Amino acid sequence: MANSSSGDSVTDRLLRVLETFTPTRTVQTAAEIGRRAGLPPSTAHRVVGELVAAGLLERDEDRRIRIGMRLWELATRSSHALRLRQAAMPSMERVQSRLREHTQLAILEQDEALFLERLSGPESGANVTRIAGRLPLHASSSGLVLLAFGTRDLQERILAGPLAPVTRETITEAGALRRALADIRRLGHVVAPGYIEDVSTGVAVPIRDETGAVIAALSAVLPRDAQTDIALYELHAAARDIERSLGFRR
Ligand code: PHB
């Protein structure tokens, strides 16, 4: 890929531009994008213009820029995440309607838990998760499941730290994390009270594909002091159904 005078490739610049968009920053001016992406103003205007022309970004009436539907279309069309989400959806809806608490599906992505889906009802409580948002592996129930069943390399990389505290309950010590991961593998689930948010308890179970490899975590976010037995029962039952539809035979 051709390099600019600053030495970064076209792909690097494209990624930096797209990464200036976040769940809470969905519209920006071209100048703001340039500043946040570390691009000179003329380059930022040119790159943004090209991306708008290609439909990957869109310009609104106020000339502010947002992510284009074409980007969503291309990314979603052939995504393996879509197959997983479709396989999981009926079971997730059942869990959500029975528990009436947030129900979510996450996969491992670049050493974090990336959320593909979150179902919530009007009576569900607090939740820091967003669809297409990420949470740290050591500080969320889904993340801990993905870490516990992840590769040795992944585990050692995360255990090497830093294990940043999110709340006072977050596991920040490598030995404690190692023991927690062993417990998760033994029990087949995790209960994470207040690890990422004082007022909530995350509970999560693994989901296996047809080869038996853990490819996702299914979780519920409950009020901090809620009983977890029913949620765990529902999550395990849902995980079995999803695994069956993915072709996993126990
Ligand atoms: C969790 O998975 O542990 C979790 C996620 C979101 C929350 C609380 C807990 O808001």
Side-chain angles (χ1 to χ4, degrees), residues 22-24 81 84-85 88-89 91-93 95-96 98-150 154-155 158-159 163-173 176-185 187-208 214-239 242:
T22 70
T24 52
L84 170 62
R85 181 183 167 278
M89 225 26 186
S91 308
M92 289 184 70
E93 277 165 355
V95 173
Q96 206 285 322
R98 291 195 180 156
L99 298 182
R100 306 199 166 277
E101 305 287 1
H102 305 284
T103 305
Q104 32 204 37
L105 181 68
I107 58 170
L108 178 69
E109 174 63 20
Q110 295 171 322
D111 291 4
E112 292 179 301
L114 172 64
F115 287 83
L116 302 184
E117 187 55 83
R118 166 186 146 177
L119 301 180
S120 306
E123 57 285 269
S124 315
N127 190 342
V128 296
T129 313
R130 289 168 193 277
I131 295 170
R134 294 169 180 237
L135 290 181
L137 293 180
H138 71 287
S140 59
S141 61
S142 301
L144 285 164
V145 160
L146 295 168
L147 186 55
F149 293 97
L154 170 73
Q155 289 168 4
I158 300 296
L159 284 160
L163 298 171
V166 184
T167 67
R168 282 212 308 248
E169 312 295 339
T170 311
I171 303 176
T172 54
E173 199 261 308
L177 182 54
R178 222 180 261 286
R179 288 190 295 280
L181 298 179
D183 285 347
I184 295 167
R185 284 188 292 270
L187 296 169
H189 61 245
V190 67
V191 175
Y195 286 15
I196 199 148
E197 191 183 34
D198 288 329
V199 296
S200 307
T201 290
V203 287
V205 301
I207 294 178
R208 293 180 158 80
V214 171
I215 53 158
L218 182 67
S219 63
V221 178
L222 314 175
R224 173 71 180 263
D225 296 323
Q227 292 285 328
T228 56
D229 324 12
I230 295 174
L232 283 170
Y233 174 84
E234 292 294 343
L235 289 173
H236 278 297
I242 298 167

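Remember, it's 1-based here, ligands and their atoms both numbered in the order they're listed. Keep in mind the model is a prediction, meaning the values are calculated, not measured.
By the side-chain contact (heavy atoms from CB on, under 4.5 Å) test, Ser200 is found to be paired with Ala126, Glu197, Val221, residues two or more places apart in sequence or in another chain being considered.
When atom types are taken as modelled, the side chain of Arg185 and the backbone of Ala148 share a donor-acceptor pair closer than 3.5 angstrom.
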What does the contact table look like for ligand 1 (nitrogen or oxygen on each side, cut-off under 3.5 Å)?
{"residue": "ligand 1", "atom": "2 (O)", "partner": "Ser141", "partner atom": "N", "Å": "3.1"}
{"residue": "ligand 1", "atom": "2 (O)", "partner": "Ser141", "partner atom": "OG", "Å": "2.6"}
{"residue": "ligand 1", "atom": "3 (O)", "partner": "Ser141", "partner atom": "N", "Å": "2.8"}
{"residue": "ligand 1", "atom": "3 (O)", "partner": "Ser141", "partner atom": "OG", "Å": "3.3"}
{"residue": "ligand 1", "atom": "10 (O)", "partner": "Asn127", "partner atom": "OD1", "Å": "3.3"}
{"residue": "ligand 1", "atom": "10 (O)", "partner": "Val128", "partner atom": "N", "Å": "2.8"}
{"residue": "ligand 1", "atom": "10 (O)", "partner": "Glu197", "partner atom": "OE1", "Å": "2.6"}

side-chain contact (heavy atoms from CB on, under 4.5 Å) evaluation trace for Thr170 with Leu163: CA-CA 9 Å; Thr170 311; Leu163 298 171; over 6 Å; no
Test side-chain contact (heavy atoms from CB on, under 4.5 Å) applied to Val190 and Ser141, step by step: CA-CA 6 Å; Val190 67; Ser141 61; 3.7 Å; yes
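If you take CG on Leu99 and CG on Leu235, they are separated by 6.5 Å, rounding to the nearest 0.5 Å.
Residues Leu108 and Leu137 have side chains in contact (heavy-atom distance under 4.5 Å, counting atoms from C-beta outward).
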